[in-house]
Amino acid sequence: MTATPAPRATASGAPADAPAGTAEGVRVRPGRGQVDVDWDPVPGAAGYLVHRADGDGPFQVVDHRGGDLLAVPGPPYADTTVEPGRTVRYAVRPVHDPDRPGDGPLGTASVPVAARADGDARVEVDVDVARPAGPVHRPWRDIVGSEHLSLLLSTDRVGGEPMGAGLAAALGRVHRELGVRRVRAHGILGDDLGVYREVDGQPVHDFTGVDAVLDALAPTGLRPVLELSFVPRALARDPSREVTAAGVSSPPKDWDRWAALVGDLIRHLRARVGDAELRRWAVEVWNEPDLECFWTGTREEYLRMYDVTARAVRAACPGLPVGGPATAATRWIEPFLDHVDASGAPLDFLSTHVYGSPPLDLRPALARHGRAGTPLLWTEWGPSPTHFAPVNDSVLSAAFVATGMQEAAGRVDALACWVASDHFEELGRPPALLHGGFGLLSVGNLAKPRFWALWMLERLGPLRLPARLAGDGAGTLVRAWPSVDPETGRVAVVVWNGTLDQGVLDRPAQRRRLGRDVRLRLGGLPGGAYTLRHRRLDDETSDLAATARRLGVDGWPTAEQWAALRAADTLADAASPRTVTPDDGRLVLTLTLPMPSLSLLELTPR
């Protein structure tokens, strides 16, 4: 790809050729339990930080307790952390370089406003079935995260289940039911697979373990995205810098030997599966090199690692996509792009991670570097970067997933949930069925709320439908994703109520204030009768944690409790399916959405 000159940085933190304007026209709308904040987008911004001040006090970033980068990709934003009745002001700061989110200019503050504890708590959703707006983009389908895939070979038992078989079952289920095509092969060069040793000072490469992993992965239907990490101990500059038993976070002691290992691995895989198949995989260079726990070298040494690795991949298989920098919290994007512009190293996709917020918009950064259209792969994403965090098991995390996927649709190529299964040991093996694990599926392969959110979204038809939302929290708390299948006439609408504010998990009174009544009006329906089916996820319905509580599960289930949990592992109907007939192509449906909750409504012609 043609290199372009590296942009200069300005005092604001934005590249010199990027607009560094403020977010103008900050507008606020108080509701029952929240303040909706809107503003005019700033060209070239990757995202925004919402600031709030009490009265005439100083502005502080609104912290929705995501535990990671607090910037959001764009307006509007619902602040549910403000206390009812408090008079506050808002301002918005654009973020051009996520490495320096506080350097951009602060937008003009809005007039003071008081968040209300009252309000009508009603939302109107209008959908025109006769006017499809384009295809439904499904960013969850490309990649899902996983613990290192060597776990597929483990016969150790957790919760009474072999870990390898449990992980394989989970990967197969996300492929079958969520349409996921690939899995990120975390730490594929670790010592647990024995890929590298030295005999009499000479390198020996052994890909027997990698082959065994690929053989175990094949029945799941998923293809791998090879995360090339970590450095084998025998090749590490500092073998004591252990990430896990699987590998070392140190740079290699010999860059030529590292390049030879990478090249031999790719050539081995090319001979094993063939060019056409291998080019449907991808290679990601390292994992979160901005964090010392994963990379003990400098940023410059990672950039060298990227160049050496990417060139070795390209030489071994020219058509195999390679990318990076796979950083945490969207860091190092501008320096990484500056570097590959100058070095000429291949870059087929840009990858990074974020938790607790929807992914930022990195398209302006790519465009500034002459790389518009380069695929964007968010190879880790979820409600929390913390293992054993209660939000990971909550229905709030399901609404978070739906919001993030909708905001990412059409602008990212992959938004990979971290991870498929609670069979996970890098940060500690599961101590109980419900432990705040990262998985979409529990040990035992039971659906957690985030799995059901994706399951609902996967039920959307091929074409999205335009929707207008109005009312208290419309488009901020309450969102809708309507669709139609033009061949069958089936209409599917996912409607949900959620907030980025994870603090509501500890504030039941606030959750009650944030409940909403929704009236969904569908127009443009062809004549005839339809079967209406309404499936539901909330804190009492289809929620694994609620089911486990009702069954009295304490720690790991008993045999009888396992059987009952598996029998309940379904997305429940909110009411029995019924026949409805539109009036002159119009149908009005009403539903109540607690905070948090999701509903899937399907109309199927009879």
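If you read the sequence from its start, that first residue is 1, and numbering goes on from there. None of the values given here were measured: they were computed from a predicted structure.
A ring-centre distance under 6.0 Å is found for Trp39 and Tyr48. The aromatic ring centres of Trp255 and Trp258 sit 6.0 Å or more apart.
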Check your understanding: Hey, mind stepping through Ile266 and Val283 against side-chain contact (heavy atoms from CB on, under 4.5 Å) and telling me if it holds?
Key -> CA-CA 10 Å; Ile266 302 305; Val283 169; 4.1 Å; yes
Check your understanding: After noting the C-alpha distance and the side-chain angles of Asp142 and Arg182, does the key distance pass the salt bridge (Lys or Arg N to Asp or Glu O under 4.0 Å) rule?
Key -> CA-CA 6 Å; Asp142 190 22; Arg182 301 190 292 183; 3.0 Å; yes
**Study point:** Arg331/Glu288 under salt bridge (Lys or Arg N to Asp or Glu O under 4.0 Å): CA gap, chis, key distance, verdict
**Key:** CA-CA 9 Å; Arg331 297 190 186 101; Glu288 299 186 347; over 6 Å; no
Exercise for review: Begin from the C-alpha positions of Leu70 and Val62 and carry the test side-chain contact (heavy atoms from CB on, under 4.5 Å) through to its verdict.
Suggested key: CA-CA 8 Å; Leu70 294 179; Val62 177; over 6 Å; no
Exercise for review: Decide side-chain contact (heavy atoms from CB on, under 4.5 Å) for Val285 and Leu228; before the verdict, give the C-alpha distance in whole Å, the side-chain angles of both, and the deciding distance to 0.1 Å.
Suggested key: CA-CA 5 Å; Val285 181; Leu228 292 188; 5.6 Å; no
Exercise for review: Please step through salt bridge (Lys or Arg N to Asp or Glu O under 4.0 Å) for the pair Arg304 and Asp307, ending with a clear verdict.
Suggested key: CA-CA 5 Å; Arg304 182 179 182 183; Asp307 285 0; over 6 Å; no
Practice item. List the steps and the verdict of side-chain contact (heavy atoms from CB on, under 4.5 Å) for Val144 and Leu440. Key: CA-CA 10 Å; Val144 71; Leu440 300 174; 4.2 Å; yes
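At a threshold of 4.5 Å between non-hydrogen side-chain atoms, the residues Thr296 and Asp238 do not count as touching. The shortest distance between side-chain heavy atoms of Met405 and His137 does not fall below 4.5 Å. Between Val273 and Leu214 there is no side-chain heavy-atom pair separated by less than 4.5 Å. Between Leu151 and Asp156 the shortest side-chain heavy-atom distance does not fall below 4.5 Å. Arg299 is listed as a side-chain neighbour of Pro335, based on a closest heavy-atom distance under 4.5 Å. The side-chain heavy atoms of Thr379 and Glu227, taken from C-beta on, include no pair separated by under 4.5 Å. Contact of the Tyr77 side chain with the Val92 side chain is not registered, since no non-hydrogen atoms from C-beta on lie closer than 4.5 Å. By the 4.5 Å heavy-atom criterion applied to side chains, Arg311 and Pro346 are counted as neighbours.
Nearest heavy-atom pair, Leu106 versus His51, reported as atom, atom and distance to 0.1 Å: CD1-CD2, 3.5 Å. Here the closest non-hydrogen pair linking Pro232 and Val195 is CG-CG2, 4.0 Å. Taking each heavy atom of Gly428 and Phe388 in turn, the nearest pair found is O-CZ, 3.9 Å. Taking all atoms of both residues into account, the shortest heavy-atom contact from Val213 to Leu152 is O-CD1, 4.1 Å. Closest of all the heavy-atom pairs between His369 and Asp341 is ND1-OD2, 2.6 Å. Of all the heavy atoms in Asn445 and Ala169, the pair that sits closest is ND2-O, 3.6 Å.
Checking Asn287 against Ser229 by side-chain atom types alone, no donor-acceptor pair falls below 3.5 Å. When only modelled atom types and interatomic distance are considered, Gln502 and Ser384 share no side-chain donor-acceptor pair under 3.5 Å. At a cut-off of 3.5 Å, with distance as the only test, a side-chain donor of Glu458 or Trp140 sits close to an acceptor on the other residue. Defined by atom type and a distance below 3.5 Å, a donor-acceptor pair is missing between the side-chain atoms of Glu300 and His339.
Rounding to the nearest 0.5 Å places CZ of Arg241 at 10.5 Å from SG of Cys293. To the nearest 0.5 angstrom, Arg314 atom CZ is 9.5 Å from Leu347 atom CG. The distance from the CG atom of Asp40 to the CG atom of Asp38 is 7.5 Å, given to the nearest 0.5 Å. The distance from the CG atom of Leu153 to the NE2 atom of His148 is 10.5 Å, given to the nearest 0.5 Å. From Glu380, atom CD reaches atom CD1 of Ile143 across 11.0 Å, with rounding to the nearest 0.5 Å. Once rounded to the nearest 0.5 Å, the distance linking CD of Glu334 with CG of Asp99 reads 8.5 Å.
In terms of modelled atom types and a separation under 3.5 Å, the side chain of Arg411 and the main chain of Leu360 share a donor-acceptor contact. Formation of a donor-acceptor pair under 3.5 Å by the Ser397 side chain with backbone atoms of Pro449 is not found in this model. The main-chain N or O of Val322 is found under 3.5 Å from a side-chain atom of Asp348 such that the two form a donor-acceptor pair. Side chain of Ser351 to backbone of Leu377: no donor-acceptor contact under 3.5 angstrom is found. At least one donor-acceptor pair closer than 3.5 Å links the side chain of Arg270 to the backbone N or O of Ala316. Asp68 places no side-chain N or O within donor-acceptor distance of the main-chain N or O of Val354, the cut-off being under 3.5 Å. With hydrogens and angles disregarded, a donor-acceptor distance shorter than 3.5 Å links the side chain of Glu147 to the backbone of Glu425. In this structure, the side chain of Arg464 engages the main chain of Ala133 through a donor-acceptor pair within 3.5 Å. The backbone N or O of Gly437 lies less than 3.5 Å from a partner atom in the side chain of Lys448, making a donor-acceptor pair. The backbone N or O of Gly439 sits nowhere less than 3.5 Å from a side-chain atom of Ser421 that would complete a donor-acceptor pair.
Using bins of under 30°, 30° to 60° and over 60° for the plane-to-plane angle, the ring pair Tyr306/Tyr302 lands in the tilted bin. In this structure, Phe438 and Tyr355 have tilted ring planes: the angle between them lies in the 30° to 60° band.
Under the side-chain hydrogen bond (donor to acceptor under 3.5 Å, both in side chains) test applied with Thr352, the options Thr330, Thr327, Asp290 reduce to a single match, Thr327.
Under 4.0 Å is where a charged nitrogen must lie from a carboxylate oxygen, and between Arg272 and Glu277 no such pair does.
Heavy-atom neighbours of Glu24 CD from other residues, nucleotides or ligands within 6.0 Å: above the threshold of 12. For Arg280, the CZ atom is loosely surrounded, since the number of other residues' heavy atoms within 6.0 Å does not exceed 12.
Every pair passing ring-ring contact (aromatic ring centres under 6.0 Å, His included) that includes a residue from residues 166-211 is listed here, sequence neighbours excluded: His186-Phe230, His186-Trp418, Tyr196-His205, Phe207-His268.
Judged by a 6.0 Å distance limit and a 45° cone about the ring axis, Arg93 is not positioned over the six-membered ring of Phe59.
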